[in-house]
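Quick notes on the structure that follows.
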Amino acid sequence: MSSTEPIAVIDFETTGMTPAQGARATEVAIVLLQDGRIVDRFQSLMRTGVHIPGFITQLTGITNAMVAGAPPAESVMRDAARFVGGAQMVAHNASFDSKFWTAELAHADIQATQSFACTVLLSRRLYPEARSHSLGNIIDHLGLPRAGRAHRALADAEMAAFLLARIQRDLRERWRIQDARHDLLCGLQKCARPAVSQWLGRRAALQAESPSSPGR
DNA sequence: TGCCAGGCCCTCTTTAGGGCCTT
């Protein structure tokens, strides 16, 4: 049985909403998903010196004392970049995590080169009947397992990976798309939502004609 | 005091408003 390239599913816990306003990461977790299974995990708290507001501690359980004893962010991000390697990346609301990925790597003098696919956009297109596409709600809607304490990086990264695996499975079983690779996911998430069925049908037809190429 | 990001999506459909989603 052929093996697909692993996809790195990432989640950051942070001190705020955007690096543009000085927010920094407090924790990062990355899981590698390959052939529908989590095959490796990376997780670490990180020390940036930026104060964690009280409401963030209430949300995540991550305290200033916890990160004070953590390794420096630059060191963690170097390890994270090595862990990801050349894998393509996925996050739940990727516009959030990709900005922190880029910003935290920049603090470590590393340029981010990975492209991101977003499970929120994919979920909205494939499961329009869901009332909410927040990570916990879509996990419950699809009957997927909860992975631990919500709003901790590893649990959220694992749940996003479960969601991605389900998306890939549904693309295979419902849409006959055998090779739901990262570039297909990126294409699907950019497809206008009302045209998703037509788009998937065309992709499946193209893939059936040329299985080694996902087509355009 | 009240607001605080930004991209996407939907709607009382189009240039604007409001909600979702992430911490």
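Each chain gets a letter, A, B and so on, in the order the sequences are listed, and its residues count up from 1. The structure displayed is predicted, hence computed values, not measured ones.
- Each of A/Leu121 and A/Asn137 was matched to the nucleotide of DNA chain B holding its nearest heavy atom; the match closer to the 5' end belongs to A/Leu121.
- Looking at A/Asp35, its side chain does come within 3.5 Å of a backbone N or O of A/Thr4 through a donor-acceptor pair.
- Across all strands, A/Thr26 comes closer than 4.0 Å to no nucleic acid atom at all (heavy-atom distances).
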Could you list the donor-acceptor pairs under 3.5 angstrom formed by side chains in residues 73-84 of chain A, with sequence neighbours left out?
| residue | atom | partner | partner atom | Å |
| --- | --- | --- | --- | --- |
| A/Asp79 | OD1 | A/Arg82 | NH2 | 2.5 |

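- Rounding to the nearest 0.5 Å places CZ of A/Arg47 at 14.5 Å from CE of A/Met66.
- Remark: A/His92, A/Asn93, A/Phe96, A/Lys99 in residues 91-106 of chain A come within less than 4.0 Å of DNA chain B through at least one heavy atom.
- A salt bridge is absent between A/Glu13 and A/Arg152: the closest approach of a Lys/Arg side-chain nitrogen to an acidic carboxylate oxygen does not fall below 4.0 angstrom.
- When rounded to the nearest whole Å, the span between CZ of A/Arg152 and P of B/dT23 equals 12 Å.
- Smallest separation of non-hydrogen atoms from A/His92 and A/Asp97: O-OD2, 3.7 Å.
- Where A/Arg124 and A/Gln189 each meet DNA chain B at their nearest nucleotide, the meeting point lying more 5' is that of A/Gln189.
- A salt bridge between A/Arg166 and A/Asp170 is present, with a side-chain N of the basic residue lying under 4.0 Å from a carboxylate O of the acidic one.
- Nearest nucleotide to the side chain of A/Glu13, out of B/dC10, B/dT23, B/dT22: B/dT23.
- Within 4.0 Å of A/Thr60, counting heavy atoms only, lie sugar-phosphate atoms of the nucleic acid but no base atom.
- Rounding to the nearest 0.5 angstrom, the gap separating the CD atom in A/Glu104 from the CZ atom in A/Phe12 is 6.0 Å.
- Note that the CD atom of A/Gln58 and the OG1 atom of A/Thr63 stand 13.0 Å from one another [nearest 0.5 Å].
- Proximity note for A/Ser134 (side chain, C-beta onward) versus B/dC8, B/dT23, B/dC21: the nearest is B/dC21.
- In this structure, the nucleotide among B/dT23, B/dC21, B/dA5 sitting nearest to the side chain of A/Asp156 is B/dT23.
- For DNA chain B, runs of at least 3 consecutive pairs of the Watson-Crick or G-U wobble type, with both hydrogen-bonding distances under 3.5 angstrom, map to B:5-11 with B:16-22.
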